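A short worksheet on the structure shown next.
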Amino acid sequence: MKNFLALILTLFLGFLIMSSLNNNIAFPKFGEANIGDRVSDAYIDRDVTENPGDVIFGETDGLESGPANIVTAIVADYRSFDTLGEVTVLFVSALGVALLLGTKKQKRLEIDFHPNFMLRVGSKALFGVILMTGIYISIHGHLTPGGGFPGGSMIATSMLLLYLADDNFRAKVKGFKILESIAGSLYVLIGIIGLIIGGSFLVNILDTGVIGELFSAGIIPIVYVLIGLKVGSEISNVIDNFLTEEGA
Amino acid sequence: MLQYAAIVLIMLGLYGILTQRNVIKIILSLNIMEIGLNLFIISVGYVTDGIAPIMTTNHNTNSLIYVDPLPQALVLTAIVIGVGTTALGLAIAKNIYSKYGTFELDEMEEE
Amino acid sequence: MSAVLLIAVPLLAAFISILNKKLAPVLLLLVSLFNIVSIFFYSLGTITIGGFEAPYGISLVLDNYSLIGLIVINIAFFLVLLISYEKVKKVATVLLVALAGLNGLLLTGDLFNLFVFIEVSGIAAYLISTTNKKYVATFNYLVIGTVGSSFYLLGLIILYAMVGTLNMSDMALRISSEGISAANLSLPFLFMFIGLGVEAKLLPFNSWVKGILGNSNKLVGPMIASVYAGTISLVFGRILTSVFVVSDRLGLILTVILLVGIVAGETMAFASTKLREILLYSSIAQASLVIILFLEGITGWAVMMVIANVISKLVLFAIASYTSDELKTDEVDNLKGIFSKNKIIGVAFTIASLSVSGLPLFMGFVVKMNVLTSIFDGEDYLLAAVILLTSIVEGVYFVRVLIKLWYNKEDAKTINYNFVIKYIVSVLAVLLIVFGTYTTVLNDQVETVNEVFEIGGNE
Amino acid sequence: MELINYVEIVVGVLLIVLAFLAINSKSLIKAVMFLSSMSMMSVIGFVLMKAPDVAVTEAVIGSGLVTSLFVFTLLSVRKVGNKA
């Protein structure tokens with residue numbers, strides 16, 4: 001009976017959404033979004049503060065926001081404050097996992113699974129590759145798809161690989177905590193420095209350089225690397241908490 | 001098409017949350033709902049024949065049509081928030097298990 | 001100085017505080033104190049972040065509305081910390097994040113940024129509620145809260161697809177200039193309303209409340225019922241008054257939902273025999289009432305009602321949770337006569353509960369009186385009747401509880417309330433009387449709040 | 001219709017089927033695997049809608065990390081169950 005009610009409710013809600021979106025003149029049909037009317041038009045043209053004319057990859061310099069990847073420009077520059085909040089969400093949930101799963105844990109979780117020689121060696125080789133990829137993705141976030149969040153997660157994934165390859169491996173949790181704390185504090189401090197020098201929180205205080213070059217976009221690569229480090233250490237902490245248990 | 005699939009996914013997730021009585025299954029349904037929501041958000045910014053919002057040497061004018069980059073930035077935020085909630089939910093689930101010895105909400109004794 | 005420090009400083013402190021567990025509670029108190037002091041030095045206005053102007057970058061809005069909210073919420077937060085200091089130690093970092101999230105909720109002028117702060121403060125709230133050690137209740141809270149915020153995001157995205165902006169004032173501007181009809185907007189608004197309604201404890205989205213507040217300890221009770229509830233109500237108020245365009249049909253649906261919330265809340269409070277449950281059901285009804293007032297456009301007095309609720313719920317939940325913590329029970333019958341041994345606590349509890357039910361001399365009365373006057377001006381007699389009727393019901397069950405608790409019995413249990421809670425509740429009770437008799441302050445504040453939105457409406 | 005439209009339809013249908021299986025499967029570990037493959041399908045969906053950043057993030061976080069967290073929870077629990 002309860003299931004039936006839930007079915008009716010969800011069917012009704014789904015029908016309501018679809019029908020009212022279909023009959024809605026203001027809501028654009030799939031694939032027909034008019035970006036010219038939206039705020040993102042200015043993000044693409046980079047003309048929020050002043051009009052730079054045509055933006056040419058590899059030539060135009062001194063833009064208000066330098067990344068060639070427009071999504072990065074939004075995440076780490078135009079709406080950087082959201083990203084700070086999002087990093088905080090991950091921070092507080094990692095902290096919550098540590099609080100909930102106890103702090104006095106000594107022993108690795110026993111899994112009915114023992115890695116053989118190939119797995120051990122292979123994982124250690126892969127560890128390096130994945131770690132390098134993670135760092136590369138974090139650093140090149142303003143040029144190519146990716147950035148701090150997938151980069152940081154890849155760093156954490158490489159740690160996970162070490163956990164799986166070695167029965168007794170435990171990451172140095174204390175070190176991760178320090179890294180996490182420093183990366184987070186630096187993010188906020190960059191914001192406050194921007195407030196003091198540039199007049200508003202998280203303002204881009206460095207020269208944005210030529211669009212498309214590695215050393216461009218001012219503070220954005222720095223912020224993205226910090227995010228990568230922070231996300232990586234937080235998720236590694238979470239994984240460590242899930243993989244240990246109380247015991248001698 | 002994908003937009004309708006996204007709405008159906010949101011509703012499927014909601015149905016799962018309302019009917020399932022297993023803690024893990026409820027978190028799983030939350031994840032399904034979030035994936036549906038993310039697809040929906042991206043679909044709102046999709047433009048037919050638009051290109052991915054990254055400037056490269058091949059595309060050098062402002063006259064090109066990009067898909068809307070703002071929903072993509074929002075989804076990045078939503079995905080990370082989602083993983084935070086999932087980790088927290090699973091940690092609580094683990095605690096529930098060590099207290100009651102089961103994941104089924106109906107088998108737990110009322111206090 | 002810029003008001004963004006109200007968010008940035010707690011965050012910085014939170015990131016630093018994980019290095020040293022002993023330092024964290026001290027840091028928490030210092031930062032909370034810093035926030036209270038610094039509020040009075042910020043100049044009003046819009047604060048841009050990242051150097052990008054309003055619709056493109058994220059902006060914070062510090063006007064008289066958010067200023068009042070910030071003052072009340074930050075002070076209430078600090079008082080809750082003092083009351084429950086020994087509980088605070090384990091979750092000090094979480095509380096720092098919660099403080100940043102609450103200030104962000106009050107300040108932000110951007111709808112997606114609001115979603116981020118809902119999640120920040122929400123996850124902090126789930127973690128605070130784990131100090132109850134009732135994990136199933138916390139799990140329910142987490143699931144329902146996440147569904148709520150997903151609904152909010154869904155509504156927000158539909159709105160973005162139609163209007164093309166995320167900034168609150170810009171959105172209101174574009175909606176009126178592009179002439180999007182209210183009927184087309186009702187679907188996203190309904191979803192956003194449901195999403196926020198979950199956090200604001202409105203029926204029928206409130207099934208998490210009983211598990212969390214019905215088992216609350218002295219940190220969780222006042223924190224969720226007073227500080228969080230007040231913040232979310234104020235956020236609701238801002239969105240309802242400055243973004244939403246409510247069509248007649250949507251308005252009718254929302255009013256019916258809220259009226260059902262009020263009636264159901266008061267009925268369940270009347271039927272309950274547990275002290276904390278009575279309080280929590282009564283606060284569900286109060287929350288719905290506040291939202292109705294925002295919906296009807298009585299913004300100024302609605303804000304005053306939020307403040308009255310923050311103060312009185314803080315007193316009520318602090319005392320109720322402290323008592324239940326000590327005695328391990330909150331059946332009203334088992335608590336008979338406790339106030340005859342603890343007169344100060346008893347008097348404060350009495351004043352707060354009478355103020356909630358709207359008796360003369362107290363702040364609640366002044367607020368309800370003015371609200372009723374404005375409703376009669378608008379000739380909405382049904383709503384007025386509901387408010388009057390619920391006031392009577394509230395009066396009846398609060399008096400019933402009070403008689404039992406004051407009942408003079410020789411073998412009444414004795415509880416040693418520590419002096420911090422005694423001082424705090426008595427100061428707050430005096431405050432309720434002061435605002436209840438010296439009404440000029442309230443009238444002035446109501447006018448400044450109303451001015452904010454009249455300016456916003458003319459733009 | 002172009003090829004990409006057919007791909008879209010296939011991805012959409014597969015997403016719904018996988019979600020349905022994930023909710024209704026009796027075994028928890030199978031449900032988690034369905035969730036993981038569903039997440040992988042959604043990555044294709046993101047690529048089709050020209051969102052490479054989101055696709056990379058979802059691939060790493062959604063189908064990698066979330067799945068491993070689910071699996072670890074289930075593994076640790078199975079061990080407790082054996083003891084009792």
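A quick note: this is a predicted structure, and the numbers were derived from the prediction, not measured. In what follows, chains carry the letters A, B, and so on, assigned in the order in which the sequence lines appear, proteins first and then strands, with residues in each chain numbered from 1.
Taking CD1 of I79(B) as the reference point, atom CD of E86(A) lies at 9.5 Å (rounded to 0.5 Å). Separation of atoms NZ (K99(B)) and CD1 (I92(B)) is listed at 12.0 Å; rounding is to 0.5 Å. In this structure, K94(B) NZ and N241(A) CG are separated by 8.0 Å, a value rounded to the nearest 0.5 Å. Rounded to the nearest 0.5 Å, atoms CD1 (I26(B)) and CG (L18(B)) are 9.5 Å apart.
For chain A, the nearby parts of V44(B) are the backbone and the side chain; heavy atoms of each come within less than 4.5 Å. Of the atoms belonging to P145(A), heavy atoms from both backbone and side chain fall under 4.5 Å from chain B. Within the 4.5 angstrom heavy-atom criterion, no atom of F91(A) approaches chain B. Contact annotation for L90(B): both backbone and side-chain heavy atoms come within less than 4.5 Å of a heavy atom of chain A. Interface remark: L7(A) contributes backbone and side-chain atoms alike to the contact with chain B (heavy atom separation under 4.5 Å). Both the backbone and the side chain of L100(A) come within contact range of chain B, judged by heavy atoms closer than 4.5 Å. Heavy-atom distances place no part of I235(A) under 4.5 Å from chain B, backbone and side chain included. For L21(A), the part lying near chain B is the side chain, with the backbone staying farther off; criterion is any non-hydrogen pair under 4.5 Å.
For the set D68(B), L88(B), V8(B), the entry with the most heavy-atom pairs within less than 4.5 Å of chain A is D68(B). Considering only heavy-atom pairs separated by less than 4.5 Å from chain B, the leading option among V75(A), V71(A), T72(A), V92(A) is V71(A). When L70(B), L12(B), V67(B) are compared by the number of non-hydrogen pairs under 4.5 Å with chain A, L70(B) comes out ahead. Heavy-atom pairs under 4.5 Å with chain A peak, among T48(B), V80(B), T19(B), at V80(B). Comparing A91(B), G84(B), S43(B) by heavy-atom pairs within less than 4.5 Å of chain A, the highest count is held by A91(B). If you tally non-hydrogen atom pairs under 4.5 Å between each of S153(A), S93(A), G85(A) and chain B, the highest count goes to S93(A). The greatest number of non-hydrogen atom pairs below 4.5 Å with chain B, out of V238(A), V89(A), I70(A), is found for I70(A). Among D82(A), L13(A), V39(A), the residue with the largest count of heavy-atom pairs under 4.5 Å with chain B is L13(A).
What you find for E104(B) and N22(B) is that their closest heavy atoms are OE2-ND2, 3.0 Å. Here the closest heavy-atom approach between residue G228(A) and residue I155(A) is recorded as O-CD1, 4.4 Å.
The side-chain heavy atoms of F149(A) and T83(A), taken from C-beta on, include a pair separated by under 4.5 Å.
Using cut-offs of 30° and 60° for the angle between ring planes, the F40(B) and F27(A) rings count as parallel.
Counted by atom type alone, Y100(B) and N95(B) present zero donor-acceptor pairs between their side chains at under 3.5 Å. Side-chain atoms of S80(A) and Y187(A) form a donor-acceptor pair, as typed in the model, at a separation below 3.5 Å.
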